[in-house]
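Notes to accompany the following structure.
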2 protein chains.
Amino acid sequence: MASQTEENYLKSLFNLANEKDEVNISELASQMQVSMPTVNSMVKTLQKNGWLIYEKYKPVTLTPAGKKDAALVIRKHRLTEMFLVNKMGFGWEEVHEIAEQVEHIHAPKFFERMDEMMGFPTIDPHGSPIPDKLGRIQEINYLSLTECKAGQLVKLAGLTNSSTEFLEFLNGRNLSLGTELRILSKEAYDHSIVVSYSNHTSETLSEKVCEKLLVKVM
Amino acid sequence: MASQTEENYLKSLFNLANEKDEVNISELASQMQVSMPTVNSMVKTLQKNGWLIYEKYKPVTLTPAGKKDAALVIRKHRLTEMFLVNKMGFGWEEVHEIAEQVEHIHAPKFFERMDEMMGFPTIDPHGSPIPDKLGRIQEINYLSLTECKAGQLVKLAGLTNSSTEFLEFLNGRNLSLGTELRILSKEAYDHSIVVSYSNHTSETLSEKVCEKLLVKVM
DNA sequence: CTACATTGTTAGATCAGTCTAACAAAATTG
DNA sequence: CAATTTTGTTAGACTGATCTAACAATGTAG
């Protein structure tokens, strides 16, 4: 069974993997906030346990078992976040920190019960998909708000970043998942976008914000 | 902040402390399932951190800070057990294992929220008191069923042991907290007790069982 | 293609938490 | 109270996860 540390490495590896499923040691080190030698020794351990493929001076790749176990940790994290929001009344900006700890609990029925109580949700409070019990993750491809055209009506469906600061910024603008946005105009110079939604008749969103907003065209 | 290991030692120390607040190294070793040298080195660490008083060849004693922090871990454990039973539908025999893990989560608002959702319960699903936010624990003195007399009507209010096996035994007999028992007779030879309750007209409970049942005389 | 920058590895140390073996103090018991 | 048992301590080793310093391989840019 994976230690908490190992679970954290699996999660990072899963999230950092590129199209070729590869992750560099340096990326992983910076993501995990540890030194490269630490990562070097840890990938050897993870390899020994069948979670990844490692060859000297090459990027590492999760094995199918590694991907599955990583997805199951992510499942625990996202189920927890959803439970905290839907069943315990927390705000979407408060749950990450708690879920970071709860995700390491080894008690299948605890998470099964959460899942059941919530009616088997498929996304977490930030719009990210919740992997199933077998670690399968449904790919959703939303558009970034930056890719949309003026005049379009879109619905906010996900985020590419869920930092507390960003979530609090969105709270301050009354923006939440499900909010329908009308794109009033796009500024060519700085790529900012003017939108209207709910009782906001005109709100300007910077490119920095728009690129983090994932939407579904209505 | 206490590590998980330290939290576990604090909990054991709190539970093992006798009238003089003392705990022997050997007791602690057996409770924690580690060797005596391990305990020896750990108590030195705990002392360094202000949680206990240690002198060579003497039993150890928790400091006020140690007692408080121990009680706060026990609070997290018992709130979790109660939440699992009352809000998530688990049986009282299922919750200990999960709570053993959840108790190490460092997220005050998570436990505050549980507490609030349950209406600030004072006992856990096994009848043990839940310490308050300041680590104060209200002493309840129930009688052991063995101390009761034939003819008395008593209500099951607590347990001195909450092992899964014992809880499953009680489930099999339809015995739960709040059950009112009429003591029909006491057998002098083996100290077994015959009781009636609910729709059980006559059930014989061995001394082993009776001594673990805490009751309130009606 | 060589030089420099970046990335990755090795060696060796540290810390927390654990162990066993050997020994010492304290408690018990004839 | 002396002998034996129980309890506790010390020394030294190990594992997991981390570090820094030194070095080696790879990638990049003139």
Side-chain angles (χ1 to χ4, degrees), chain A residues 1-13 16-62 66 69-70 73 100-101 103-106, chain B residues 1-13 16-62 66 69-70 73 100-101 103-106:
Chain A
M1 196 162 55
S3 69
Q4 292 198 186
T5 306
E6 288 166 338
E7 287 193 336
N8 284 332
Y9 276 90
L10 289 176
K11 230 183 0 155
S12 290
L13 281 159
L16 292 173
N18 62 17
E19 328 73 48
K20 285 191 237 148
D21 277 5
E22 296 173 337
V23 180
N24 296 321
I25 304 299
S26 59
E27 285 177 89
L28 188 48
S30 105
Q31 174 75 22
M32 290 292 299
Q33 307 250 60
V34 297
S35 67
M36 287 206 294
T38 299
V39 170
N40 183 274
S41 85
M42 185 53 70
V43 296
K44 288 172 180 171
T45 312
L46 293 172
Q47 181 179 44
K48 219 168 288 166
N49 289 294
W51 282 307
L52 58 72
I53 305 300
Y54 164 68
E55 281 176 274
K56 263 196 193 181
Y57 298 107
K58 295 266 180 69
V60 298
T61 310
L62 282 177
D69 288 352
V73 177
E100 281 291 296
Q101 300 179 63
E103 71 188 5
H104 299 299
I105 287 172
H106 293 288
Chain B
M1 196 163 53
S3 68
Q4 292 198 187
T5 306
E6 286 167 338
E7 287 194 335
N8 285 332
Y9 276 91
L10 288 176
K11 228 183 3 155
S12 291
L13 282 159
L16 290 173
N18 62 18
E19 328 73 48
K20 286 189 237 149
D21 278 3
E22 296 173 336
V23 180
N24 297 320
I25 304 299
S26 59
E27 285 177 90
L28 188 48
S30 104
Q31 174 75 21
M32 290 294 298
Q33 306 251 61
V34 297
S35 68
M36 286 206 294
T38 299
V39 170
N40 182 274
S41 84
M42 185 53 69
V43 295
K44 288 173 180 170
T45 312
L46 293 173
Q47 180 179 44
K48 219 166 291 164
N49 289 295
W51 282 307
L52 58 71
I53 306 299
Y54 163 69
E55 282 176 273
K56 264 196 193 182
Y57 298 108
K58 294 266 181 66
V60 297
T61 310
L62 282 177
D69 288 351
V73 177
E100 281 290 297
Q101 300 180 65
E103 71 188 5
H104 299 300
I105 288 173
H106 293 288

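Below, chains carry the letters A, B, ... as their sequence lines are ordered, and counting in each starts from 1. Since we're looking at a predicted model, the values are computed, not measured.
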Can you find a side chain N or O atom of A/K44 that sits less than 4.0 Å from OP1 or OP2 on C/dT10?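 Looking at the OP1 and OP2 atoms of C/dT10, one of them is under 4.0 Å from a side-chain N or O of A/K44.
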Examine C/dT9: is either OP1 or OP2 under 4.0 Å from a nitrogen or oxygen in the side chain of A/N40? Give yes or no.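 For C/dT9, OP1/OP2 do have a side-chain N/O of A/N40 under 4.0 Å.
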Strictly by modelled atom types, are B/E7 and B/H104 linked by a side-chain donor-acceptor pair under 3.5 Å?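 Distance-only check passes for B/E7 and B/H104.
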Using whole Å, what does the distance between atom P of nucleotide C/dG17 and atom CG of B/L10 come to?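 About 11 Å, once rounded to whole Å.
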Tell me which residues in residues 17-29 of chain B lie within less than 4.0 Å of DNA chain C, going by non-hydrogen atoms.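 None, since no heavy atom is under 4.0 Å.
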Listed in order of residue number, which residues of residues 47-60 of chain A have a non-hydrogen atom at under 4.0 Å from DNA chain C?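 A/Y54, A/K56, A/Y57 - these, ordered by number, are the residues of the stretch whose heavy atoms sit under 4.0 Å from the strand.
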Sequence-distant partners of B/T38, side-chain hydrogen bond (donor to acceptor under 3.5 Å, both in side chains), two or more places apart: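 Partners of B/T38 under the side-chain hydrogen bond (donor to acceptor under 3.5 Å, both in side chains) test: B/S35.
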Sequence neighbours left out, what passes side-chain hydrogen bond (donor to acceptor under 3.5 Å, both in side chains) with B/Q31? Give chain and number order.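 For B/Q31, no residue satisfies side-chain hydrogen bond (donor to acceptor under 3.5 Å, both in side chains) once neighbours in sequence are set aside.
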B/M42 and B/T5, any side-chain heavy atoms less than 4.5 Å apart: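 Yes. Closest side-chain heavy atoms under 4.5 Å.
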Would you check if B/K11 and B/E103 make a side-chain contact, meaning some heavy-atom pair closer than 4.5 Å?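 Yes, side chains in contact.
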With side-chain contact (heavy atoms from CB on, under 4.5 Å) as the test, would you mind laying out the steps for A/L46 and A/V60 before giving the verdict? CA-CA 10 Å; A/L46 293 172; A/V60 298; over 6 Å; no
How far apart are the C-alpha atoms of B/L52 and B/V23, what are their side-chain angles, what is the distance that settles it, and do they pass the side-chain contact (heavy atoms from CB on, under 4.5 Å) test? CA-CA 11 Å; B/L52 58 71; B/V23 180; over 6 Å; no
Walk me through whether B/I105 and A/I105 qualify under side-chain contact (heavy atoms from CB on, under 4.5 Å). CA-CA 10 Å; B/I105 288 173; A/I105 287 172; 3.9 Å; yes
Salt bridge (charged side-chain N to carboxylate O under 4.0 Å, His left out) partners of residues 17-34 of chain A, not counting sequence neighbours, each pair once: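 Every salt bridge (charged side-chain N to carboxylate O under 4.0 Å, His left out) pair that includes a residue of residues 17-34 of chain A, provided the two are not neighbours, is A/D21-A/K67.
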Working note: B/T45 + B/W51, criterion side-chain contact (heavy atoms from CB on, under 4.5 Å); need CA distance, chi angles, decisive distance, verdict. CA-CA 9 Å; B/T45 312; B/W51 282 307; over 6 Å; no
With 3.5 Å as the limit, what N/O pairs link the protein to nucleotides 16-23 of chain D?
from	atom 1	to	atom 2	distance (Å)
D/dA17	OP1	A/S3	OG	2.8
D/dT18	OP2	A/Y9	OH	3.1
D/dC19	OP2	A/S35	N	2.8
D/dC19	OP2	A/S35	OG	2.9
D/dC19	OP2	A/T38	OG1	2.4

